[in-house]
Amino acid sequence: MDSLTAALRELLPHDAVITDPVRLRTYECDGLTYHRATPGVVVLPESAEQIAGVVRLCNETGVPFVARGSGTGLSGGALPREDGVLIVTSKMRRILEIDLPNRRAVVEPGVTNLAITEAVRDQGFYYAPDPSSQQVCSIGGNVAENSGGAHCLKHGFTVNHVEACEVVTPDGDIVVLDRMDPGYDLLGAFVGSEGTLGVATKVTVRLTRVPEAVTTVLAAYGTIEQGGEAVSAIIAAGIVPAAIEMMDALSIEAAEAAVRCAYPSGAGAVLIVELDGPRAEVTRQFARLLEICSGAFELRVADDPAERAAIWKGRKSAFAAVGRISPAYIVQDGVVPRTSLPQVLAAIDGLSREHGIRVANVFHAGDGNLHPLVLFDDAEPGAGERAEAVSGAILDLCIRHGGSITGEHGVGVDKAKHMPKMFSADDLDTMQLVRCAFDPRGLSNPGKVFPTPRLCGEVPGVRRGVHPLVESGKAEQF
Ligand SMILES: Cc1cc2nc3c(=O)[nH]c(=O)nc-3n(C[C@H](O)[C@H](O)[C@H](O)COP(=O)(O)OP(=O)(O)OC[C@H]3O[C@@H](n4cnc5c(N)ncnc54)[C@H](O)[C@@H]3O)c2cc1C
């Protein structure tokens, strides 16, 4: 590391290489704070060429590297390596080009998600994927996680809004992956690869026209089952709202404590449904929506931005708000088919009672993406372990119901151990072949996504005996 650090200091400006132990600790975790590691060295490059230079030096010395955007990830994807370089893109925040006739913008990877919308809103455009962290999270992180958000039900995830990426490959070349390229969809493989296939240094995003009309409805129900039935009925009626979000009583209580969102008191569940599109279509869908939601004990309708913001305030702040009612919590992210929502929510309630651990439910109900918030007191002996058990059991439930262990927060380091529950050894080996095609030396964000790093060139098959990496303490076998 010493010789690498000296070479990094020659390559980059003096203040772009951090080795001071106190400053290094700023980067020791992402939003999932119970996985921590102090990086060997942190670099703050300002261009693709500088990132390529850093990656080439890592190759020469066989040192791993991890890319980091804003560090809001919730699966430990940007967890640094003590024996590695952390490449932080926070100095790469320029919007390079806005091309409205072709509805595109070209941005550096550190640009925040919301900054893109802010740059084009006055001209009647926006960037559609809207993670709740959008004020802070970077577009590079969004690409790596294939991030979603409340409005992705209708408008699609990040992968549907990225046209091209300039990428520093794991051996230090600068290449462009473009949706229009013939041949394999390498851009599709890169989006959602969680930093394991290289570092995005420039992103071309699609811009979307601001819809002619937007109407937001808040429907309050006595029970979460009634809310779930309304979701199924909306979709069955052929309506695809821009968003359908649901919160249960505990998450409403948290949001109320944090931001005074004034949702109807006594609600067991609130549903937020947003319709957008041409005015005539929204008007027609709105009439049908009111019929479907007639079982709600209170309905609120917002037509202007201020009223809409009031309705969204509680939902957008829900994760952070839970900190008001619990000293610690795990944000889980799983997916189930929409039709299984009532059974899965009932089963989560059962797990919560059985383990004496409270679970608040906030979710993108339209696409079955659950975000159970598993609450515990980290000062209480054993509570963390019980919360972990509940959190893992929720993922098992999602798999049993034909869903997935992650909807939008990624696998990272946190869920690598759950991958073999969803995928066979053959599936995982096949995924590793893709990785090896990009990163044969396994230097780009190693230890993430896959449970046991099988080395490129190793013959796939059932492993007998202890893996050498496990033996040396560099990998864990789950
Ligand atoms: C309060 C809160 C709300 C959230 N809400 C949502 C939500 O609604 N939807 C959602 O999908 N997520 C949500 N998230 C999770 C998180 O914000 C997203 O995953 C986001 O995309 C991470 O961006 P980041 O810049 O913080 O990335 P980081 O946390 O810095 O990194 C995330 C991953 O991306 C990789 N990476 C970062 N930059 C690059 C790059 N330039 N090239 C290659 N790889 C890179 C890292 O190695 C890591 O694997 C939320 C998080 C919080 C804290």
- Any donor-acceptor pair under 3.5 Å from S70 side chain to T72 backbone: no
- Message: Under a 3.5 Å threshold, yes or no: a donor from one side chain and an acceptor from the other, between D2 and T5?
- Response: no
- Item | Working for side chain to side chain donor-acceptor pair (under 3.5 Å), residues H401 and Q343 | CA-CA 9 Å; H401 282 266; Q343 298 102 294; 4.9 Å; no
- Would you say the side chains of T169 and D171 form a donor-acceptor pair under 3.5 Å? yes
- Message: Taking the ring centre of each residue, are H161 and H155 less than 6.0 Å apart?
- Response: no
- Do the charged groups of D99 and R103 touch, with an N to O distance under 4.0 Å? no
- Task: Show your reasoning for whether side chain to side chain contact (heavy atoms under 4.5 Å, CB included) applies to H364 and H371.
- Result: CA-CA 8 Å; H364 305 307; H371 288 314; 3.6 Å; yes
- Query: Quick one: does R324's side chain have a donor or acceptor within less than 3.5 Å of a partner on A255's backbone?
  - Reply: no
- Does the side chain to side chain donor-acceptor pair (under 3.5 Å) test come out yes or no for T201 and E166, once each step is laid out? CA-CA 5 Å; T201 47; E166 180 189 82; 2.7 Å; yes
- Message: If we ignore hydrogens and angles and just use 3.5 Å, is the side chain of N445 paired with the main-chain N or O of G77 as donor and acceptor?
- Response: yes
- Polar contact flag, side-chain donor to acceptor under 3.5 angstrom, Q332-H409: no
- Message: Quick one, Y127 with E118, criterion side chain to side chain donor-acceptor pair (under 3.5 Å). Give me CA distance, side-chain angles, the key distance, then yes/no.
- Response: CA-CA 9 Å; Y127 176 63; E118 281 169 350; over 6 Å; no
- With a 3.5 Å cut-off and no angle check, do the side chains of N142 and N113 form a donor-acceptor pair? yes
- Only one of K417, M419, K421 passes side-chain contact (heavy atoms from CB on, under 4.5 Å) with I405, and that residue is M419
- How far apart are the C-alpha atoms of D20 and R25, what are their side-chain angles, what is the distance that settles it, and do they pass the salt bridge (Lys or Arg N to Asp or Glu O under 4.0 Å) test? CA-CA 9 Å; D20 170 46; R25 292 198 62 185; over 6 Å; no
- Message: Tell me whether D367 is salt-bridged to R338, with the criterion being a basic N under 4.0 Å from an acidic carboxylate O.
- Response: no
- Check the side chains of E274 and H151 for a donor-acceptor pair under 3.5 angstrom, ignoring hydrogens and angles. yes
- Message: Between D178 and A164 (side chain of the first, backbone of the second, donor and acceptor by atom type, cut-off under 3.5 Å), is there such a pair?
- Response: no
- Message: What I want to find out is whether E163 reaches R104 closely enough, with some N-O distance under 4.0 Å, to be called a salt bridge.
- Response: yes
- Task: Report the C-alpha separation of T19 and R9 in whole Å, then their side-chain angles, then the decisive distance to 0.1 Å, and conclude whether the side chain to side chain donor-acceptor pair (under 3.5 Å) test is met.
- Result: CA-CA 11 Å; T19 52; R9 287 201 191 286; 2.9 Å; yes
- Query: When you check the side-chain N and O atoms of H418 and K415, is any donor under 3.5 Å from an acceptor?
  - Reply: no
- Going by the salt bridge (charged side-chain N to carboxylate O under 4.0 Å, His left out) test, which pairs reach into residues 373-384, not counting sequence neighbours? E380-R386
- Message: Tell me if a side-chain donor or acceptor on S340 pairs with a main-chain N or O of V336 at a distance below 3.5 Å.
- Response: no
- Task: Output yes when K448 and D414 qualify as a salt bridge under the 4.0 Å nitrogen-oxygen rule, no when they do not.
- Result: no
- Item | S391 side chain to A387 backbone, donor-acceptor under 3.5 Å | no
- Query: Cut-off 3.5 Å, side chains only: do S251 and D248 have a donor facing an acceptor?
  - Reply: yes
